[in-house]
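Take a look at the structure below.
This chain uses plain numbering: 1 for the first residue, then up along the sequence.
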Amino acid sequence: EPRTQNPEPRTLLTMNELFGEQQWLIIVLVFFGVFFYIAWARKRDRKWIDQNFAKEQIRALSFGVGYFGKASDPGKVKSIRGLLLLLNDRLIFRSRNGKVELDIPGSTVTKIYHGTTHKGQDMSTSLMKIAFSTGPGEDDEDIPSFKVPSPPQWMQAIDNAFSVSVAKNE
C-alpha cells in the first residue's frame, strides 16, 4: 500500500486569528469572571459574619451597599461598596476589601432619614442617612450616608432595633 504524503505542517495561529472571530467567547469569559468574583466575595463576607456574630444577633443584612462616608470626613465624598449588617445592638458597614469599617452603637443613633445629598453634593440617588451621637454635646453628631436596597425597609428595621425617630426627608 502506498503511503500518503504527510499533510501540510501546522502553523501557529496568531492571537488575532484565534480570537478574531470569537468575540462572544471573550464576552462570556468576562461575564463568568465577574459572576464568580461576586460569588467569591459574598462567600468571604458571609464567612466573616459567621465567625464574628451569632445568627440570633443579625436583624438585617445587605451586600453591595454603597457607603459615601461620614459628614465629618475630610475631603471629597467617598464611594465604597461593601455590606451593611444590622445587629441587635449596633449597625456595621464593612467594605469589600475589609479596609473600611464603620461600627455605630445602636444607643448612639438619634435619627434616620432619607436624602439625596451628602456633604452638600447631589448624589442623584436615594440615600439612607443615619445621625448618631459622637459625644456628650448637642453638636457632637455625625451622619454617614448609604445607598441600600429598599431604604424604607432598612429604615424601619433600624427603627425597630433601636427605637429612634424616622424622618421623612432631610
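- Put simply, CZ on Phe93 and CD1 on Ile130 are 11.5 Å apart, with the number rounded to the nearest 0.5 Å.
- In this structure, the side chain to side chain donor-acceptor pair (under 3.5 Å) partners of Asp142, at least two apart in sequence or on a different chain, are Ser72.
- Hydrophobic clustering of Ile, Leu, Val, Met, Phe, Trp and Tyr side chains at less than 4.5 Å, counting indirect connections, keeps Leu83 apart from Tyr67.
- No side-chain heavy atom of Phe146 sits under 4.5 Å from any side-chain heavy atom of Phe68.
- For Ile38, the side-chain contact (heavy atoms from CB on, under 4.5 Å) partners are Val34, Arg42, not counting sequence neighbours.
- A search for side-chain contact (heavy atoms from CB on, under 4.5 Å) contacts involving Asp50 returns Arg46, Lys55, not counting sequence neighbours.
- In the hydrophobic clustering of this structure, Ile49 does not group with Leu86; members are Ile, Leu, Val, Met, Phe, Trp, Tyr whose side-chain heavy atoms approach within less than 4.5 Å, directly or through other members.
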Indicate every side-chain donor-acceptor pair of residues 100-108 with a distance under 3.5 Å to a residue at least two apart or in another chain.
from	atom 1	to	atom 2	distance (Å)
Glu101	OE2	Arg94	NE	3.1
Asp103	OD2	Arg90	NH1	2.9
Thr108	OG1	Pro105	O	2.7

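- In this structure, Leu91 and Val109 have side chains that are not in contact, with every pair of non-hydrogen atoms separated by 4.5 Å or more.
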Check your understanding: Is there a side chain to side chain contact (heavy atoms under 4.5 Å, CB included) between Thr117 and Lys129 once you walk through the steps?
Key -> CA-CA 10 Å; Thr117 63; Lys129 302 175 90 170; 4.2 Å; yes
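- Asn97 pairs by the side chain to side chain donor-acceptor pair (under 3.5 Å) definition with Ser95, not counting sequence neighbours.
- Without hydrogens or angle criteria, Thr134 side chain to Asp140 main chain gives a donor-acceptor distance under 3.5 Å.
- Every residue was checked against the ring-ring contact (aromatic ring centres under 6.0 Å, His included) condition with Phe132, not counting sequence neighbours, and none meets it.
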Do any side-chain atoms of residues 153-163 form donor-acceptor pairs under 3.5 angstrom with protein atoms, and if so which ones, sequence neighbours left out?
from	atom 1	to	atom 2	distance (Å)
Gln153	OE1	Ser150	OG	3.4
Trp154	NE1	Ser62	OG	3.0
Gln156	NE2	Asn160	OD1	3.0
Asp159	OD1	Val164	N	3.2
Asn160	ND2	Gln156	O	3.4

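- Counting heavy atoms from C-beta on, the side chains of Leu25 and Leu29 come closer than 4.5 Å.
- Here the closest non-hydrogen pair linking Ser126 and His114 is OG-NE2, 2.7 Å.
- By the rule that hydrophobic residues join a cluster once side-chain heavy atoms approach within less than 4.5 Å of another member, Leu87 and Leu61 end up as members of one cluster.
- Grouping the Ile, Leu, Val, Met, Phe, Trp and Tyr side chains by contacts below 4.5 angstrom, directly or via other members, places Phe63 with Ile92.
- Hydrophobic cluster of Ile27: no remaining members, since no ILVMFWY side chain lies below 4.5 Å from it.
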Practice item. Tell me, with the steps shown, if Arg44 and Arg96 meet side chain to side chain contact (heavy atoms under 4.5 Å, CB included). Key: CA-CA 9 Å; Arg44 183 193 61 204; Arg96 281 192 181 146; 4.2 Å; yes
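- Contact annotation: the side chain of Met123 never approaches that of Lys147 to less than 4.5 Å [non-hydrogen atoms, C-beta and beyond].
- Under the 3.5 Å distance criterion, the side-chain polar atoms of Gln121 are left unmatched by any main-chain donor or acceptor of His118.
- Applying the side-chain contact (heavy atoms from CB on, under 4.5 Å) test to Phe36 and every residue at least two apart in sequence or in another chain returns Phe32.
- Considering only heavy atoms from C-beta on, Lys111 stays 4.5 Å or farther from Ile143 through its side chain.
- Partners of Glu141 under the side chain to side chain donor-acceptor pair (under 3.5 Å) rule, at least two apart in sequence or in another chain, are Thr110.
- For the salt bridge (Lys or Arg N to Asp or Glu O under 4.0 Å) condition, the pairs that include at least one residue of residues 56-73, sequence neighbours left out, are Asp73-Lys78.
- Under the ring-ring contact (aromatic ring centres under 6.0 Å, His included) criterion, Phe53 pairs with Trp48, sequence neighbours left out.
- Side-chain heavy atoms closer than 4.5 Å link hydrophobic residues (I, L, V, M, F, W, Y) into clusters, and following such links, possibly through other members, connects Ile80 to Val65.
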